[in-house]
Amino acid sequence: MSYPYQIKSLDQYKQVYQNSIENPDQFWASIANHFRWKKKWDKVLNWNFKKPEVQWFQGAKLNITENALDRHLQYNGHRPAIIWEPNDPDDHHRIITYKDLHFKVCQFAHVLKNNGVKKGDRVVIYMGMVPELAIAVLACARIGAVHSVIFGGFSAQSIADRLQDAQAAFIITCDGAFRGNKDIPLKSVIDDAVVQCSFVKRIIVLTRTRTPVSMIKGRDIWWEDEIKKVETMGNPDFPAEEMDAEDPLFILYTSGSTGKPKGVVHSSAGYMVYTTYSFVNVFQYEQEDIFFCTADVGWITGHSYIVYGPLCAGATTLMFEGVPTYPDAGRFWAIVDKFKVNTLYTAPTAIRSLMSFGLGPIHGHDLSSLKVLGSVGEPINEEAWHWYDEHIGKGKCPIVDTWWQTETGGIMISNMAGITPSMPAHATLPLPGIQPTLVDENGKEIEGNSVSGNLCIKFPWPSIIRTTYGDHERCRTNYFATYENQYFTGDGALRDEHGNYRITGRVDDVLNVSGHRIGTAEVENAINMHAGVVESAVVGYPHDIKGQGIYAFVIDNNLHGDENLTRQDILITVSRIIGAIAKPDKIQFVSGLPKTRSGKIMRRILRKIAEGELTNLGDTSTLLDPSVVEEIIKGRV
Ligand code: WTA
């Protein structure tokens, strides 16, 4: 069975696209009609990019979990909602039906309520990839609390910053998480984080690794004990809180070009409609398909395409606890074979990493269940695209190259599997309802085809970012002030002669390392915290597996001979301040940085040096001290 708003041919795509531009209100209302509402909207869209202010389905009332759970109970309650594959292939997998999931979410919603969580409260979730992570997320949504999931790779300091920014008094975590051969002590990281956050009232701890943890009386409680209390209450049903269409659903922190991560806020109704609509169209999901997205729920991809999109569509979503290379580099293929996965959605960095192991790890795994492959997070290079196509898809699975961002909530530019043509390394065409533009430096829209420019979107879509938590002005200046009446993505793109988009990468100071967004300013701040460091400049450089690597130029006053030791110290400092994901791949000690007379670091020059492009550094005559460039080139690492 397909979905009423699923597009089934190229002609239909063209016609629907045209209609979505000409009659956006009617277009989105016709999709929204297929969801469960407590009250329908008075007005479809109200918007003003100057403020910015965007409201979708104004006046409507709903709860997203009624769409993700209750709506499926009558006919599909017995169907698997979540298939969970543990880190260790010898451990038991779990299959959680819609009925089970509804039950568990209601139970945990009671736990939250019993512990004083109310509508609008912020709840930080810092867990490994266990089904209880999805349950915690949905239970928050059930009672109207705003969840903020933090990826398990972030440090105590990063968590403390986010707890403070969100003023979150509640935390849900695990004792530890298994990832490959590592056992990550999540609760202990949380303990370090909350030292600075006395406003934290409750920490609910799920048992996963049985790592010893400290449990502070009056503050820390076990998930399992709390569930037992609910069990004695009898009827576990938990009526879903009535939410306004525009009530915030969650905050997700992401990096920008400034030093401090931003809390991207998404709404309830618009996010629900857009993630579901994009899920069924891009992947051409059909009921009973098994959908495997390899992202972590700590990132937007996991929010939209492990949890909300698939569940609102009544799909079966596969959640994997481990890593692609454990116990060997055939793990993804073993999972595809074991559960007869139909769609695999992963990141170019994972594909490149698996490519480096050759074809051996694929042998012996039956991949014939696969129908659709997907890519997300960074531009996919042609070599990886072809390998994925040939060796995983066996030339018969369309690859969807999905371009989108934390701020867009869902996939914006992508081919639709088997419906619109795929093109290596091209995200291709916008989804109906999405109006991308390319603009030049002066903000002038570049018309026509075979052009390049900065990628903007000129009309709102339902899951557009609503604000940056606690600082609306930041949202305005970051996304809506660069170009008038446009949402600016921060990416550059080409548009070919047929209107297909090819995303070329960030044009701001944001790096994309293994598909993780990292701000150069954030890494610089962390390096500068190290005693002895006077100044630093961080740029990206091409990296075979990670896409981009981090190259740091550092002025350090305390260099006493052993540079390597200082390098290690700096790496540990960055791990402590941000997390291991932000550790520079290369650190070069320098005595000065190339600066203009007004004191601005000329990153363009550093970028070229890091890339190894030494012959054409461009104009260096405006530098305060051009000789510094020679020295930096000589000392390249
Ligand atoms: C990049 C991830 C090229 C882009 C969903 C964007 C991509 C940033 C693609 C957002 C793609 C994501 N092709 N580049 N298919 N998908 N990007 O917020 O630079 O973690 O701005 O969201 O990733 O990263 P974020």
Side-chain angles (χ1 to χ4, degrees), residues 149-151 153-154 250-257 261-266 271 274-275 278-279 282-283 293-306 308-309 345-352 373-382 384-385 388 399-416 422-431 434 436 454-457 463-465 468 478-479 482 487-494 500-520 522 540 546-548 581-582:
V149 183
I150 301 178
F151 174 62
F154 281 110
F250 65 84
I251 306 171
L252 185 58
Y253 284 86
T254 190
S255 295
S257 40
K262 304 177 279 244
V264 172
V265 177
H266 280 291
Y271 178 81
Y274 195 80
T275 51
S278 53
F279 171 74
V282 170
F283 301 104
C293 167
T294 72
D296 191 289
V297 174
W299 307 110
I300 191 69
T301 306
H303 281 64
S304 301
Y305 300 110
I306 293 179
Y308 287 114
Y345 187 31
T346 193
T349 185
I351 300 169
R352 287 190 301 264
L373 301 176
S375 169
V376 60
E378 55 175 310
I380 179 166
N381 50 308
E382 297 212 11
W385 194 99
Y388 200 27
I399 298 178
V400 289
D401 180 354
T402 65
W403 174 83
W404 58 296
Q405 310 178 295
T406 305
E407 295 85 345
T408 71
I411 298 166
M412 303 286 282
I413 303 182
S414 172
N415 49 315
M416 295 182 181
S422 46
M423 260 174 96
H426 285 70
T428 72
L429 299 169
L431 265 63
I434 305 304
N454 289 342
L455 181 63
C456 294
I457 317 284
S463 60
I464 186 173
I465 178 177
T468 44
N478 254 292
Y479 306 107
T482 319
Y487 162 82
F488 177 43
T489 65
D491 280 317
L494 310 171
N500 290 302
Y501 286 86
R502 176 180 193 142
I503 313 299
T504 45
R506 303 289 304 197
V507 293
D508 54 7
D509 289 322
V510 172
L511 305 180
N512 194 328
V513 181
S514 300
H516 301 156
R517 253 168 89 168
I518 298 172
T520 53
E522 246 179 289
K546 298 180 174 184
Q548 266 187 314
I581 53 171

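Atoms within a ligand are numbered from 1 in the order they appear, just like the ligands themselves.
In this structure, the side chains of Thr468 and Ile465 come closer than 4.5 Å at one or more pairs of heavy atoms. Side-chain atoms of Tyr345 and Val376, non-hydrogen and from C-beta on, do get closer than 4.5 Å to each other. Between Phe283 and Val400 the shortest side-chain heavy-atom distance falls below 4.5 Å. Using a 4.5 Å heavy-atom threshold, the side chains of Arg352 and Asn381 count as touching. Looking at Ile581 and Ser514, their side chains never come closer than 4.5 Å, going by heavy atoms from C-beta outward. The shortest distance between side-chain heavy atoms of Leu429 and Asn500 falls below 4.5 Å.
Centroid-to-centroid, the aromatic rings of Trp404 and Tyr274 stay 6.0 Å apart or farther. Checked against the 6.0 Å centroid threshold, Tyr271 and His303 do not count as a close aromatic pair.
The closest approach between any non-hydrogen atom of Gly377 and ligand 1 is below 4.0 Å.
Contact atoms of ligand 1 toward Ile503: 3 (C), 14 (N) (distance under 4.0 Å to a heavy atom of the residue). Annotation for ligand 1: atoms under 4.0 Å from non-hydrogen atoms of Val376 are 5 (C). Atom numbering of ligand 1 starts at 1 in the shown order; those under 4.0 Å from a heavy atom of Asp401 are 11 (C), 13 (N), 15 (N). Near Asn512, with a cut-off below 4.0 Å to any heavy atom, the atoms of ligand 1 are 1 (C), 23 (O). Each of the following atoms of ligand 1 lies closer than 4.0 Å to a heavy atom of Thr301: 5 (C).
In terms of polar-atom proximity, defined here as any N/O pair under 3.5 Å, Arg506 does make such a contact with ligand 1. The shortest N or O to N or O distance between Gln405 and ligand 1 is under 3.5 Å. Where the criterion is an N or O separation shorter than 3.5 Å, residue side chain and backbone included, Thr402 meets it with respect to ligand 1. Residue Thr406 places at least one N or O, backbone or side chain, under 3.5 Å from an N or O of ligand 1.
Atom 19 (O) of ligand 1 has as its closest protein heavy atom Asp491 OD1, 2.7 Å. For atom 20 (O) of ligand 1, the closest non-hydrogen atom on the protein side is Arg517 CD, 3.7 Å. Protein heavy atom nearest atom 3 (C) of ligand 1, with residue, atom name and distance: Pro379 N, 3.1 Å. Closest to atom 10 (C) of ligand 1 among all protein heavy atoms lies Trp404 O, 3.6 Å.
Here the straight-line distance linking atom OH of Tyr479 with atom OG1 of Thr408 works out to 10.5 Å at 0.5 Å rounding. Rounding to the nearest 0.5 angstrom, the gap separating the CG atom in Asp491 from the SG atom in Cys456 is 10.5 Å.
Counting heavy atoms under 4.0 Å from ligand 1, residue Val510 does not touch it at all.
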